[in-house]
Amino acid sequence: MSNVVIAGMQWGDEGKGKIVDLICPAFDVVARFQGGHNAGHTVKFGDSHFALRLIPSGILHDGMRCVMGNGMVVAPQAFLDELAELKEAGVDPRGRLYISERATVLLPPHVHLDQAREAERGADAIGTTSRGIGPAYESKASRYGLRMVDLTAADLEERLAALLAVIRPQLVALGADVDHPDLDVAALAERCHAWAGDLKPFVADTGRLLAGWVRDGERVLFEGAQGALLDIDHGTFPFVTSSSSTVGGAAVGTGLPPTAIDGVIGILKAYTTRVGAGPFTSELLDETGKHLQRRGNELGTVTGRPRRCGWLDLVAGRYAARVNGLSALALTKMDVMDRLAEIQVCVGYRIAGEVRTDYPADRAALASAEPVYRSFPGWQQDTVGTLEFADLPPAARDYVAFIEEQMEAPVLFVSTGPKREETILRREHPGFELLTAGRL
Ligand code: GDP
Ligand code: IMO
Ligand code: MG
C-alpha cells in the first residue's frame, strides 16, 4: 500500500489528526484534498499540542512534504496565521509546503455571507463553523470564484468586482451590513496583493508535483477532513459541509487519478459526536451523553462549541465503510468508554414501524428514526495508554471484534489516549506491516 487515504467515518473529529501524525513517517508526502479552516486536527506529543486547520497534520515532522490540494478552499489570512503559529512553535514549513494554484481562495465576503445566512435561518441553521466554507465552494461551482493563481492576475480587480456583484446583493437581501472594507473592491484588492506576495513561496502546480513524486515511487498519505456523514453527496444533507470528504474527493481534490490510491483507512471514534445541527439517531441527551462529553473533552477544535455525544452507530458506520471502500480501521478514543457499565451500539433504525439497516436519504425518515441497540457489557477498567491489544480487558476486545465484523474491515489501530504514543498497533493483521511495523 503506497498511497493511502485517511477518511473520517462519522461527523468529523474522529481523531484523524492524531492518526495522520502517527503514521505519516511511513510516507513521503501528506496531502489535504478538501475543506478549509473548518477542520481542526489535533496532534499531541510529549507536552506539546497543536490544532492544525488548513496545513496538513504531517507538517510537525521534520522534512515531511505537505500539499494543500486543489479541492481545498484556502483563506489566505487563516493560512498566514497558522504559519505564524507553527513558526512560533519552531516548525518551519518553507520549502516543503505547497498550496495548489488551483485551490479556491476563500475571501472575507464569503465569511459575511455564511454568517448572514446562518443568522437568517434562525432555528433552522446548519450550525456551520462560520468560516465561509459553503459560500467559497459555491463561488467555485458557480464559476465566479478566484483560485490561488488568480491572486496575481492582471485583472484581479475585475474578478473581485464580479465576485462582489454576486455576494453584495445577497447580503443586502439578508439585511446584513454591507458598509465594510471586506466588501469594497479596492480595499479587498489591496489585501489580495499583499496576500499574493506572502503566499507566493508556497503556491505551486501541486498536481504535477504529486504525479512526479508518485511516478518516482514516493508514498502519499491523503488527509481527509470532516467525515462521511458531512460529505456533500453522501452525508446528512443539508446538514453537511460543502465538499467531498469521502475517498473519491482525494483524487478530484489533488489531481492524482483514483488508480493511484491503493488503501483507505477509516477513522472511527468508539462512540459518536456531532457539532452543529442535523439528525443524530444515537444521540444521548442524558447523563451518559454528558459523561462522554466531559471525559472525551468533546469541545469543537475550531469553534469551542460542545459536541453532541451518543453511542456508536453502525448503520451509519457500515454506510460510511461502503462509500469509502475500507482497507482497515483506526478505532479512537476507546479510553473514553472505560467507566461505562453498559455500552450500546446502534445496529438498526426503526422507521415507520420497520427496522432498516441501510442509511436513509430522506430527511424526514432520518429525523424520525429510532435506534435499535445491541448491548455490550462495559469493561470498567482503565485502558488509558494501553499499548498491546492483549492487555485490553476482554470486554473491550469483544467490542473491537464486533466492530470488525460489522464494518467488514480489520481494526489496525486502537487509540487509547490523545498522544501519538498512546496507540495499540496491531501487527497481527497481515498486509499493513509498513504502518504497524514499530513505534513510528
Ligand atoms: P480530527 O478533526 O478528526 O483530527 O479530530 P479532533 O482533533 O478535532 O478531535 C479529536 C480529539 O480527541 C482531540 O482533542 C484529540 O487530541 C483527542 N483524541 C484523539 N484520539 C484520542 C484517544 O484515543 N483518546 C482520547 N482520550 N483522546 C483522543
Ligand atoms: P474535522 O476535519 C466536525 C460541520 C459543522 C457544521 C457542518 C457545516 O475537524 O473533522 P461548514 O462550516 O463546513 O459549512 O459547516 O459541518 N463541520 C465539522 N464538524 N469536524 C469538522 O472538521 C467539521 N467541519 C465542518 O459543525 O455542522
Ligand atoms: Mg476536528
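When reading the values below, keep in mind they use all heavy atoms of this one structure, side chains included, and skip hydrogens, waters and symmetry mates. Both counts, for ligands and for their atoms, begin at 1 and track the order of listing. Sequential numbering from 1 along the given sequence is applied to the chain's residues. Remember, it's a predicted structure, so these values are computed and weren't measured experimentally.
Under the 4.0 Å criterion applied to side-chain N and carboxylate O atoms, Glu298 and Lys333 are assigned as salt-bridge partners. Salt-bridge annotation for Asp182 and Arg191: present, with a side-chain N of the basic residue lying under 4.0 Å from a carboxylate O of the acidic one. With respect to the salt-bridge test (charged N to carboxylate O, under 4.0 angstrom), the residues Asp21 and Arg420 qualify. Ionic pairing of Glu388 and Arg426 is not present here: no N-O contact between side-chain nitrogen and carboxylate oxygen is shorter than 4.0 angstrom.
For the pair Gly417 and ligand 1, a heavy-atom separation below 4.0 Å is found. The shortest heavy-atom distance from Asn297 to ligand 1 is not under 4.0 Å. No heavy atom of Ser242 sits closer than 4.0 Å to any atom of ligand 2. Residue contact annotation: Gly127 has a non-hydrogen atom under 4.0 Å from ligand 2. Taking 4.0 Å as the cut-off, Gly40 counts as a neighbour of ligand 1 on heavy-atom distance. Ligand 1 lies less than 4.0 angstrom from a heavy atom belonging to Arg307.
No N or O atom of Glu14 sits closer than 3.5 Å to an N or O atom of ligand 2. The shortest N/O to N/O separation between Ser130 and ligand 2 does not fall below 3.5 Å.
Residues Thr246 and Asp231 have side chains that bring a donor and an acceptor to within less than 3.5 angstrom of each other.
Atom numbering of ligand 2 starts at 1 in the shown order; those under 4.0 Å from a heavy atom of Gly276 are 27 (O). Close contacts of ligand 2 with Val240, meaning ligand atoms under 4.0 Å from a residue heavy atom, involve 7 (C), 8 (C). Per-residue contacts place Arg305 under 4.0 angstrom from the following atoms of ligand 2 (heavy atoms of the residue considered): 26 (O). Near Lys18, meaning under 4.0 Å from any of its heavy atoms, are these atoms of ligand 1: 20 (N). Close approach of ligand 1 to Val336 is summarised as follows: ligand atoms under 4.0 Å from at least one heavy atom of the residue are 26 (N). Residue-ligand proximity, Ala39 to ligand 2, at heavy-atom distances under 4.0 Å covers atoms 1 (P), 2 (O), 9 (O), 22 (O). Of all the atoms in ligand 1, the ones that sit under 4.0 Å from a non-hydrogen atom of Ser415 are 20 (N), 21 (C), 22 (C), 23 (O). Shown in contact with Ala225 at under 4.0 Å from a heavy atom are these atoms of ligand 2, numbered in order with element: 2 (O). Counting the atoms of ligand 1 from 1 in the order shown, those under 4.0 Å from a heavy atom of Gly17 are 4 (O).
The residue from Val414, Thr332, Asp335 that puts a heavy atom closest to atom 25 (C) of ligand 1 is Asp335. Considering Glu422, Lys333, Lys44, Met337 only, the shortest heavy-atom separation from atom 27 (N) of ligand 1 involves Lys333. Across Gln226, Gln34, His37, Lys16, heavy-atom proximity to atom 24 (N) of ligand 2 is greatest for Gln226.
Atom 16 (O) of ligand 2 has as its closest protein heavy atom Leu230 CD2, 3.5 Å. Counting only heavy atoms of the protein, atom 2 (O) of ligand 2 lies nearest to His41 NE2, 2.7 Å. Closest protein heavy atom to atom 10 (C) of ligand 1: Asp13 O, 3.8 Å. If you check which protein heavy atom lies closest to atom 15 (O) of ligand 2, you get Thr128 CA, 3.3 Å. What sits closest to atom 13 (O) of ligand 2 on the protein, heavy atoms only, is Thr241 OG1, 2.6 Å. Nearest protein heavy-atom contact of atom 12 (O) of ligand 2 is Thr129 OG1, 2.6 Å. Looking at atom 3 (C) of ligand 2, its nearest protein heavy atom turns out to be Asp13 OD2, 3.1 Å. The closest protein non-hydrogen atom to atom 27 (O) of ligand 2 is Val275 O, 3.0 Å.
Listed by chain and number, the protein N, O or S atoms at a distance under 2.8 Å from the Mg ion (ligand 3) are Asp13 OD1, Gly40 O.
With a heavy-atom cut-off of 4.0 Å, His41 touches ligand 1 through backbone and side chain alike. Residue contacts with ligand 2, taken as heavy atom pairs separated by less than 4.0 Å, do not involve Phe239 at all. In Val384, neither the side chain nor the backbone holds a heavy atom less than 4.0 Å from any atom of ligand 1. Contacts between Thr42 and ligand 1, counted as non-hydrogen atom pairs separated by less than 4.0 Å, involve both the backbone and the side chain.
The backbone N or O of Gln10 lies less than 3.5 Å from no partner atom in the side chain of Arg274, so there is not a single donor-acceptor pair. Using modelled atom types, no side-chain atom of Gln406 and backbone atom of Ile403 make a donor-acceptor pair closer than 3.5 Å.
Geometrically, Arg356 does not engage Tyr349 in a cation-pi contact defined by less than 6.0 Å to the ring centre and at most 45° from the axis.
In the displayed structure, Arg121 atom CZ is contacted under 6.0 Å by more than 12 heavy atoms of other residues, nucleotides or ligands.
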